[in-house]
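Working notes, structure below.
Proteins get letters first, then strands, A, B, ... in listed order; numbering begins at 1 in each.
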2 protein chains.
Amino acid sequence: MVKVQRGQASIDGARRRLQMADIARLAGVSTATVSRALSHSPLVNVETRARILELAQSLKYSINVGAQNLRLKQNRTVSVMIPFERDTRQHLSDPFLLAMLGSLADALTEQGFDMLFSRIGSDELDAAAAPFDSGRSIGILLVGQGRHHEQINELVARHVPIVVWGAQLPDQLYCCVGSDNVRGGEMATSHLLALGRRRIAFLGDLALPEPLQRYRGYCAALERHGIGVDPRLQVSVSFLPDGGMQGVQEMVRRAEPFDAVFASSDLLAMTAIDTLRTHGVRVPDDVAVIGYDDIAQAALFHPRLTTVHQPIAAAAETMVAALLSLIDGGPVRSVELPTVLSIRASAGELLA
Amino acid sequence: MVKVQRGQASIDGARRRLQMADIARLAGVSTATVSRALSHSPLVNVETRARILELAQSLKYSINVGAQNLRLKQNRTVSVMIPFERDTRQHLSDPFLLAMLGSLADALTEQGFDMLFSRIGSDELDAAAAPFDSGRSIGILLVGQGRHHEQINELVARHVPIVVWGAQLPDQLYCCVGSDNVRGGEMATSHLLALGRRRIAFLGDLALPEPLQRYRGYCAALERHGIGVDPRLQVSVSFLPDGGMQGVQEMVRRAEPFDAVFASSDLLAMTAIDTLRTHGVRVPDDVAVIGYDDIAQAALFHPRLTTVHQPIAAAAETMVAALLSLIDGGPVRSVELPTVLSIRASAGELLA
DNA sequence: ATGAAAGCGCTAACAA
DNA sequence: TTGTTAGCGCTTTCAT
């Protein structure tokens with residue numbers, strides 16, 4: 001009986017993986033020559049090189065990256081992590097994250113890096129460095145800083161190269177890339193005020209840095225218009241899709257009149273609108289709604305969603321560039337990307 | 001001047017990565033003993049082992065997985081790929097994909113495997129095997145077979161371990177995991193017929209295996225009810241979010257009356273409903289709508305979306321199990337997971 | 001119970 | 001232009 005081990009080719013069935021020595025033998029040269037040929041070294045004879053390259057190609061031989069990395073002491077793999085709340089054991093659901101992930105994959109590929117993806121329970125964020133510590137990746141891109149400010153700072157103290165998508169905070173030792181959340185919140189709120197709305201509900205978890213900063217922008221806009229901030233208009237809801245529903249239901253329960261909603265994500269805004277509709281509230285006539293992110297669906301939702309646009313592709317490129325610079329010992333600064341308000345029907349056009 | 005190279009720690013700034021020899025020196029033993037201690041070998045003295053483990057832990061030393069893999073000829077990394085259409089250069093946008101990705105990450109982690117993620121242009125699917133050929137991963141999980149049936153077959157002929165999320169096809173050499181698309185299409189259509197709908201529009205790209213099979217189920221249900229299939233009710237649209245809009249607009253342009261829509265994804269169903277609404281059509285009163293996937297938002301959408309549920313977590317576990325079995329040379333069969341109709345307001349409850 | 005030494009697949013001096 | 005050789009960080013015989 002043949003004992004077969006997980007994660008390893010079976011001894012009997014699979015034929016041995018092709019390796020450089022095989023190519024060398026078939027080409028009648030040494031492995032050194034093959035190595036040189038495959039790296040397009042000018043040292044090797046043009047014809048020999050052509051022969052070797054052709055041979056390798058036809059046999060689909062590909063250099064063993066693990067061995068190559070070991071020898072070269074290099075590594076072209078980056079970890080991407082998305083924290084999730086352990087208790088809610090929720091599937092990833094926000095389209096914004098998917099777009100971000102796709103853009104990060106693109107940006108990394110563009111730079112010739114592979115992406116090692118993991119979800120990570122927010123209770124075990126200290127384990128986030130494992131892929132780095134074990135040499136599987138050269139650095140970490142963390143999408144969403146959550147409540148982990150301190151833990152991330154500790155990673156930096158341990159010299160773990162990490163770049164975070166999130167909001168800038170005081171005492172922040174790590175490099176952080178994010179949109180200008182305060183300005184975003186301010187623009188959204190100002191727009192609602194300009195539309196004549198005065199009782200604007202805010203939906204978002206103030207325990208998280210990004211919603212908090214959006215809320216600060218919201219407050220700033222209100223105060224600039226001489227309108228006091230009413231805490232009864234603020235509802236703390238998570239980023240999960242039912243947050244929008246819960247936010248609206250809470251407002252209804254509070255019996256607090258409101259004529260607008262500013263939600264901290266498009267997903268929240270959309271489920272909030274759906275819930276408003278089930279309560280017979282018209283959007284934007286009775287309640288205007290603005291979201292945050294500007295995901296693809298926002299422009300197709302009914303009513304078309306007004307939202308604060310986050311430049312995802314630029315964000316991903318910035319994060320990747322920052323991480324690589326960090327690893328190279330180059331200069332790294334946190335970046336706030338500019339945000340733009342995409343004005344659509346859910347919080348109508350201004351009559352210019 | 002110090003030349004710094006990408007993907008490599010800078011020579012000056014970063015301190016050398018800790019390695020086994022360091023731990024050995026500090027513990028006053030040989031690397032062999034450290035290796036044994038870290039693998040909890042009973043060969044090493046209990047006290048020595050404790051001392052070494054403690055030392056390693058406090059120094060955050062972690063075995064270099066690359067070197068370990070090379071020595072052990074093992075590898076615990078799996079590639080996950082999502083093809084995208086090169087021309088539309090579209091960001092990933094379907095929440096279903098994100099949920100799938102998250103579940104795959106969970107299932108792989110559960111089995112102690114890492115996930116190497118890449119998007120891959122559908123024109124270069126033959127390059128999908130690169131991570132496998134170069135020994136970075138031991139197999140491939142492809143999410144979405146698209147139009148790549150033949151290319152995937154070729155990979156299998158090359159003995160590349162691959163498991164695909166998609167539909168079962170004739171002449172299929174690869175292992176395929178998917179939901180029972182025909183049955184799903186049939187259930188959705190039967191439900192609409194039972195609601196008294198007779199002119200059911202079908203939205204989906206028949207060039208793709210999954211929508212095609214859902215369409216077959218749709219046709220089967222119609223015929224069983226003695227209703228002919230009307231090609232004017234079928235609109236080919238992509239899985240991109242604006243597909244729903246385009247589908248409805250096309251139906252309107254055709255001036256073809258219809259009282260129901262069966263869309264091949266929830267995303268399409270949702271944007272279709274939004275577009276119907278802008279045309280003043282009431283859902284479900286004028287037109288009932290059923291989607292496919294049962295993503296988290298479906299239950300929160302207005303109206304609550306009736307949809308064919310795909311068991312994502314089970315799907316991911318099945319795919320991972322199949323791939324590992326395939327790699328171990330074990331038996332592998334394609335699997336069709338059962339589908340259930342989640343009945344909600346968009347295609348109302350049956351009055352029992 | 002521990003260490004010395006060989007070798008995983010590759011690259012880069014160095015020699016020829 | 002090519003080959004020989006040493007060694008990347010680790011594990012595992014084999015010897016002690």
Side-chain angles (χ1 to χ4, degrees), chain A residues 5 7-9 11 15-53 56 59 61-77 132-138, chain B residues 5 7-9 11 15-53 56 59 61-77 132-138:
Chain A
Q5 225 183 313
Q8 200 168 317
I11 287 85
R15 80 205 96 302
R16 201 175 49 79
R17 232 190 186 74
L18 217 52
Q19 59 190 65
M20 201 174 268
D22 300 315
I23 306 294
R25 193 166 357 88
L26 291 167
V29 295
S30 72
T31 60
T33 301
V34 175
S35 175
R36 285 192 274 253
L38 292 177
S39 65
H40 298 273
S41 158
L43 284 173
V44 60
N45 181 296
V46 181
E47 290 168 12
T48 320
R49 175 165 69 189
R51 189 157 42 90
I52 293 174
L53 285 174
L59 264 45
Y61 168 74
S62 214
I63 289 178
N64 182 320
V65 173
Q68 187 181 47
N69 283 345
L70 181 59
R71 174 64 232 234
L72 260 32
K73 291 165 158 294
Q74 72 169 14
N75 186 339
R76 299 189 68 84
T77 301
F132 171 77
D133 289 330
S134 61
R136 269 179 302 228
S137 64
I138 53 167
Chain B
Q5 227 184 309
Q8 201 168 316
I11 287 85
R15 82 205 97 309
R16 201 175 51 79
R17 231 189 185 73
L18 216 53
Q19 60 190 63
M20 202 173 267
D22 300 316
I23 305 294
R25 193 168 354 91
L26 292 167
V29 296
S30 72
T31 60
T33 301
V34 175
S35 175
R36 285 192 272 254
L38 292 177
S39 64
H40 297 274
S41 159
L43 284 172
V44 60
N45 180 296
V46 181
E47 289 168 12
T48 321
R49 176 165 67 187
R51 190 159 40 90
I52 293 174
L53 286 175
L59 263 45
Y61 169 73
S62 212
I63 289 178
N64 181 319
V65 173
Q68 186 180 47
N69 284 345
L70 181 60
R71 175 63 232 234
L72 261 32
K73 292 165 158 294
Q74 73 170 11
N75 186 338
R76 299 188 69 84
T77 301
F132 171 77
D133 290 331
S134 62
R136 270 178 301 227
S137 64
I138 54 168

Can you pull every protein N or O that's under 3.5 Å from an N or O on nucleotides 4-7 of chain C?
unit_1 : atom_1 : unit_2  : atom_2 : d
C:dG7  : N2     : B:Arg71 : NE     : 3.4
C:dG7  : N2     : B:Arg71 : NH1    : 3.0

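Of the listed nucleotides (C:dG9, D:dT12, C:dT2), C:dG9 has the atom at the smallest distance from the side chain of B:Lys73. Relative to the side chain of B:Tyr61, the nucleotides D:dT2, D:dT12, D:dC10 differ in distance, and D:dC10 lies closest. For B:Met20, taking side-chain heavy atoms from C-beta onward, the closest of the listed nucleotides D:dC10, C:dC10, C:dT2 is D:dC10. Picking from C:dT2, D:dT11, C:dC10 the nucleotide with the shortest atom distance to the side chain of A:Ala67 gives C:dC10. Comparing atom distances between the A:Leu70 side chain and each of D:dC8, D:dC10, C:dC8 picks out D:dC8 as nearest.
Atom P of nucleotide D:dC8 and atom CZ of B:Arg17 are separated by 16 Å, given to the nearest angstrom. Rounded to whole angstrom, the span from the CD atom of B:Gln74 across to the P atom of D:dT11 amounts to 9 Å. The CD-C1' distance, from B:Gln68 to C:dG9, rounds to 16 Å in whole Å. D:dT2 atom P lies 11 Å from atom CZ of A:Arg49, rounded to whole Å. Spacing between atom CZ of B:Arg25 and atom P of C:dT2 amounts to 19 Å, rounded to whole angstrom units. C:dC10 atom P lies 13 Å from atom CD1 of A:Ile52, rounded to whole Å. Between the CG atom of B:Leu38 and the P atom of D:dC10 there is a distance of 9 Å, given to the nearest Å. In this structure, the CG atom of B:Leu72 is 11 Å from the P atom of D:dT13, given to the nearest Å.
In terms of heavy-atom proximity, A:Met20 sits nearest to A:Val34 at CG-CG1, 3.5 Å. Nearest heavy-atom pair, B:Asn75 versus B:Thr77, reported as atom, atom and distance to 0.1 Å: OD1-N, 2.9 Å. When all heavy atoms of B:Leu38 and B:Ala56 are compared, the closest pair comes out as CD2-CB, 4.1 Å. Between B:Ala24 and B:Ser30, the closest heavy-atom pair is CB-C, 3.8 Å.
Taking 4.0 Å as the cut-off between side-chain N and carboxylate O, B:Arg17 and A:Asp133 do not count as a salt-bridged pair.
An OP1 or OP2 oxygen of C:dA1 is reached within less than 4.0 angstrom by no side-chain nitrogen or oxygen of B:Thr33. Proximity of B:Ser35 to the phosphate of D:dT12: no side-chain N or O atom is located under 4.0 Å from OP1 or OP2.
To the nearest 0.5 angstrom, A:Arg76 atom CZ is 14.0 Å from A:Ser137 atom OG.
Checking B:Leu43 against B:Gly66, the closest nucleotide of DNA chain D that is more toward the 5' end is the one next to B:Gly66.
Nucleic acid contact for B:Ser39: none, since no nucleic acid atom lies under 4.0 Å from a heavy atom of the residue.
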* **Full working for side-chain contact (heavy atoms from CB on, under 4.5 Å) between B:Leu26 and B:Leu59** => CA-CA 11 Å; B:Leu26 292 167; B:Leu59 263 45; 3.7 Å; yes

